[in-house]
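This report concerns only the one structure given below.
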Amino acid sequence: MPSSAKPWDAIRAQDIIASHAGYQGALLPLLQAIQIEFACVPEQVVPLVAKALNLSRAEIHGVLTFYPDFKRSAPVGPVIRLCVAEACQARGGRQVQARLEAVLGCKIDGSVNSMGVALEAVYCLGLCASGPAAIVDGKLAARLEGVRLERLIERISA
Amino acid sequence: MSVRIFVPADTAAVAMGADEIALAIELGARESGIPVEIVRNGSRGHIAIEPLVEVETAVGRVGYGPVTLADVPGLIAAGLFTAGPHAKRIGRPEETAFLRRQTRFTFSRCGLTDPLSLDDYRNHGGFAGFERALRLTPSEIIDEIDRSGLRGCGGAGFPAGLKWRTVLDADGPRKYIVCNADEGDSGTFADRMLLEGDPFTLIEGMLIAALAVGASEGFIYVRSEYPHAVQAIRRAIEIARSSGLLGETAGGRTRPFDIEVRVGAGAYVCGEETALLESLEGRRGQVRAKPPLPAHSGLWGRPTLVNNVLTFAAAPFILAEGGGAYASVGYGRSRGTMPFQLAGDIKFGGLFETPFGLSLEELIDSIGSGAATGRPIRAVQVGGPLGAYFPRSLFGTPLDYEAFAALEGLIGHGGVVVFNDTVDLLQQARFAMEFCAVESCGKCTPCRIGSTRGIELLDRIAAGARNAENIDLLSDLCDTMKVGSLCALGGLTPYPVLSALTHFAEDFSATRESGSTS
Ligand SMILES: Cc1cc2nc3c(=O)[nH]c(=O)nc-3n(C[C@H](O)[C@H](O)[C@H](O)COP(=O)(O)O)c2cc1C
Ligand code: SF4
Ligand code: FES
């Protein structure tokens, strides 16, 4: 969340690294903790993590690029993660996607519109009996049709 | 005495405003001077009536649903706290057809209890299975699992007892058990519901499994798309630990056992068990070649039992009631119950636990009551993104592993996604290829590159270019993917594609009406 994201702080980063270094298979939980703190995994952290876990930087980059959750820069504005998977498609998800893309003026590929709103695709949120579903800035939304969809659109285009 | 009010904390209820509703009820009660205790239960699984608010009365619980925040003042004015009449009053939830027709072995407590109350858990039969397991030898525990006929609920349907025994028989001073809660299949949410609504059942199941195979450490790998589930299971583990059920004493065992929760990072393929182990070890989630089986050499090279949430969660019932009781229902070689998940365009969707053998037709037309939109139903995809699309003519098929395999389909994790007549099966086939391309771990060429070729072929067919020729190419490509892929992502993506092509050929014809979307 952009509002709570903290600027880069090497001391804080070292604290997080130190508190995870003892885990078995520490890399993922550690990078996740870094991302919770800074809303992304800043490049500066890579050599620090590499040193602490005795890994190469390439290994860490390999992990960062493999997992879609890891962001390399903090979002500048609200993030809408719309479910594009089958059960939501069956409830009109493709139309919701088209509607959001038109309203926001950006594609669902993580790109950011002129107001700083990002639209991302997610494959299932476990809300498949009450789709179309989305997470809007961390908050769950279901049954995105009719008034509920219009209210969401009002909120994000305000 | 205060009135007990239940407002689910299940994701499906929260996404429809349950948190705000709970707060509004609490404030409203305070204003009316009525002492209430608000319990944040799990969901009963009848999603059409979520958020379902229940009030406890002398004659049982009375439900109201689906409740919106705007309903709350009216509900309170109508006498919510004494179960007064209101347009949204549905009576006793367990008497609705959707819930009454279920057979709940695994989900018997979900929605009834406070998910984080050990007392509630015990009062509803919790730990009876584990206590019995403590009196048995490891081999006797596994005999019971064998007798139940339980098969893995993660997708492959592999006999659970056989896997447990392989891990028991594997040599090694240190063994792990890993719970697969990656639940990436679209149309599925049973793992999530159990983690949120009855997490102690999973913990008990893992305790039983740890006793059986001799493991001292367990991991639960939960997908990051399930933040509420992560929080619920973590809290439940802390509670279990502080009451001695986990940790050094582990519920009165001689050996310690503890569980750690790890969170995924958005990769579907990490649900594949060896990719999951790679991920737990801190690497890219790439699939490992088998052998060695994880049961022989899994996490950090140790013997490792990997099972789905629902597989572990079936164990408490089986140990408490006996494997025979579990196996007494079912169909053919699919014994016991399966928590099916009914989703998509369906009037009454949600979690429906039932013995195997029910037909798709009964599930969709009778229990689900047809499409929510009221449109005719045209196709059903069973078993997630790697499952086949079935036309109405096959709705008589019983829900059974073998019956579905015979039709080049799968039961998988039990997801049933219903599509109405606006669905374009060519677009669904394209989506299957697209999903494979996005989620491929990159190890095998047919999966990594073939899926992209598949998208191109389908786009050409959609444009009406040389259809017959391109459809042949698509079939060949699917054959290559089936034989040339290391895991089921590349290997089974042909199921949705070919089933669409076979059963809905009209959507692939040169004269198709283009532009129709679901
Ligand atoms: C691409 C792919 C994704 C999978 N996703 C899951 C999953 O999300 N959850 C799961 O339990 N099993 C999943 N599986 C199946 C696992 O590999 C494995 O068979 C299962 O966890 C074993 O547990 P079970 O015997 O209890 O089913 C997946 C398999 C593949 C090939
Ligand atoms: S089939 Fe696809 S996902 Fe599976 S191992 Fe091969 S490349 Fe990876
Ligand atoms: S398919 Fe959209 S929430 Fe499951």
Side-chain angles (χ1 to χ4, degrees), chain A residues 20 23-33 35-36 53 55 59-71 81 83-95 97-98 120-131 133-136 138-145 148, chain B residues 11-12 14-16 47-48 50 183-189 191-193 224-229 262-268 270 279-286 300 341-346 349-351 372-373 381 384-385 415 417-420 423 427-428 431 435 438-439 441 517-518:
Chain A
H20 283 79
Y23 288 15
Q24 284 178 295
L27 185 55
L28 261 79
L30 169 49
L31 294 175
Q32 286 165 336
Q35 181 150 306
I36 288 169
L53 300 187
L55 296 168
E59 280 171 286
I60 294 166
H61 278 126
V63 164
L64 286 173
T65 50
F66 183 85
Y67 294 99
D69 279 1
F70 293 121
K71 303 275 176 265
R81 306 179 73 201
C83 175
V84 297
E86 292 93 329
C88 284
Q89 293 168 3
R91 295 181 76 97
R94 290 183 203 263
Q95 285 89 323
Q97 178 184 333
E120 288 178 8
V122 52
Y123 296 93
C124 194
L125 297 166
L127 290 167
C128 329
S130 46
I135 302 186
V136 182
K139 201 169 162 10
L140 293 159
R143 294 186 193 139
L144 286 174
E145 58 208 356
R148 296 179 54 82
Chain B
T11 291
V14 169
M16 294 298 296
I47 302 300
E50 289 290 359
E183 196 165 65
D185 289 1
S186 161
T188 70
F189 43 84
D191 295 350
R192 177 185 68 60
M193 273 186 56
S224 63
E225 291 84 350
Y226 284 178
H228 289 75
R262 292 282 173 100
V263 180
Y268 174 76
C270 287
S279 185
L280 276 177
E281 290 180 16
R283 283 190 292 275
R284 299 160 67 99
Q286 280 193 311
W300 293 292
Q341 299 123 83
L342 197 47
D345 188 8
I346 188 85
L351 183 114
T373 52
Q381 186 182 29
V417 177
V418 180
F419 291 82
N420 65 36
V423 66
Q427 287 306 327
Q428 297 311 119
F431 178 80
F435 185 74
V438 170
E439 300 292 349
C441 85
T517 53
S518 58

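Residue with the most contacts toward chain A among Ala265(B), Cys270(B), Ala267(B), Ala12(B): Ala265(B) (heavy-atom pairs, distance under 4.5 Å). Chain B forms the most heavy-atom pairs under 4.5 Å with one residue out of Asp69(A), Leu27(A), Ile135(A), Ile60(A), and that residue is Asp69(A).
Side chain of Tyr67(A) to backbone of Gly264(B): no donor-acceptor contact under 3.5 angstrom is found. When atom types are taken as modelled, the side chain of Arg284(B) and the backbone of Gly62(A) share a donor-acceptor pair closer than 3.5 angstrom. Counting only distance, with no hydrogens or angles, the side chain of Glu86(A) and the backbone of Gly384(B) share no donor-acceptor pair below 3.5 Å. Looking only at distances, a side-chain donor or acceptor of Ser186(B) sits under 3.5 Å from a matching main-chain atom of Ala87(A). One N or O on the side chain of Arg91(A) and one on the backbone of Gly344(B) form a donor-acceptor pair closer than 3.5 Å.
Side-chain contact annotation: Gln428(B) with Gln89(A), donor-acceptor N/O pair under 3.5 Å present.
Ring orientation note: the planes of Tyr123(A) and Phe435(B) are nearly perpendicular, at an angle over 60° on the 30°/60° scale.
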Worked verdict on Ser279(B) versus Leu28(A) for side-chain contact (heavy atoms from CB on, under 4.5 Å): CA-CA 8 Å; Ser279(B) 185; Leu28(A) 261 79; 3.6 Å; yes
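For Gly126(A) against Tyr226(B), the heavy-atom pair with the smallest separation is CA-OH, 3.8 Å.
Between the CD atom of Gln341(B) and the SG atom of Cys128(A) there is a distance of 8.0 Å, given to the nearest 0.5 Å. Atom CG of Leu140(A) and atom CD of Glu225(B) lie 11.5 Å apart (nearest 0.5 Å). Considering OG of Ser130(A) and CE of Met16(B), their distance stands at 7.0 Å, rounded to 0.5 Å. Considering CG of Leu125(A) and CZ of Phe189(B), their distance stands at 12.5 Å, rounded to 0.5 Å.
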